[in-house]
Amino acid sequence: MFKMPEKYRVRSSVAQDGPTGAMHGAFVVPRVTSRGSYFLTVIASVHEDGWEHVSVSLRDRCPTWDEMCLVKDLFWDAEDAVLQIHPPKSEYCIFHKYCLHLWRNPSVPFPRPNASLF
């Protein structure tokens, strides 16, 4: 189930964010590591065609696998499968050099390899 981690929601008229409980918005997720602290910027929404979408970005590099897993767990249940899609190059739409995306359409199950291959 798609959910919004309210404690990280941006509360600003600049972000034009929805009220608490809205199924879209901007979120800032703090991270503290041995190398210092930083923030993941996350934009979440549900599109008219049913696709749930989360973009994750950092200022100076792409998010790591662990960071994407953290965001996945914040926005979806543990047993939800989500996609990180590599579309044909002709369909690339890059607005931010260091941004990755997660997608899920709960009404359309997608095929996956056998779990033993993971």
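- Criterion: ILVMFWY side-chain heavy atoms under 4.5 Å apart, direct or through other members. Under it, Val82 and Ile43 are not part of a common hydrophobic cluster.
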Quiz prompt | Working for salt bridge (charged side-chain N to carboxylate O under 4.0 Å, His left out), residues Lys3 and Glu52 | solution = CA-CA 10 Å; Lys3 55 194 173 196; Glu52 301 162 347; over 6 Å; no

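- Trp65 CH2 to Cys69 SG: the interatomic distance, rounded to the nearest 0.5 Å, is 4.5 Å.
- We find the OH-OG1 distance between Tyr98 and Thr41 to be 14.5 Å, quoted to the nearest 0.5 Å.
- We find that Glu67 and Arg61 are joined by a salt bridge, their nearest charged nitrogen and carboxylate oxygen being less than 4.0 Å apart.
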Practice problem: Test side chain to side chain contact (heavy atoms under 4.5 Å, CB included) on Val54 and Val42 and set out the steps. | Solution: CA-CA 7 Å; Val54 169; Val42 181; 3.3 Å; yes

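- The two atoms that bring Arg9 and Gly25 nearest to each other are NH1-CA, 3.9 Å, heavy atoms only.
- Heavy-atom minimum distance, Ser45 versus Phe2: O-CE2, 3.7 Å.
- Counting heavy-atom neighbours within 6.0 Å of Tyr92 OH, excluding the residue itself, gives a total above 12.
- The two residues His101 and Ser55 make their nearest non-hydrogen contact at ND1-CB, 3.5 Å.
- Aromatic pair His47/Trp103: centroids less than 6.0 angstrom apart.
- Once rounded to the nearest 0.5 Å, the distance linking CG of Leu102 with CZ of Phe75 reads 9.5 Å.
- In this structure, Tyr38 is a member of the same hydrophobic cluster as Val71, with clusters built from ILVMFWY side-chain heavy atoms closer than 4.5 Å.
- In terms of heavy-atom proximity, Phe27 sits nearest to Met4 at CZ-SD, 3.5 Å.
- Residues Phe39 and Val28 approach most closely at CD2-CG1, 3.3 Å, considering heavy atoms.
- Here the straight-line distance linking atom CG of Leu83 with atom CG of Asn105 works out to 9.5 Å at 0.5 Å rounding.
- Defined by atom type and a distance below 3.5 Å, a donor-acceptor pair is present between the side-chain atoms of Ser116 and Asn114.
- The distance from atom CG of Leu58 to atom SG of Cys99, rounded to the nearest 0.5 Å, is 9.5 Å.
- Under 4.0 Å is where a charged nitrogen must lie from a carboxylate oxygen, and between Asp80 and Lys72 no such pair does.
- In this structure, the separation between CG on Leu100 and CD on Gln84 is 5.0 Å, given to the nearest 0.5 Å.
- Residue Val46 is grouped with residue Leu74 when hydrophobic side chains (ILVMFWY) are merged at heavy-atom distances under 4.5 angstrom, including chains of intermediate members.
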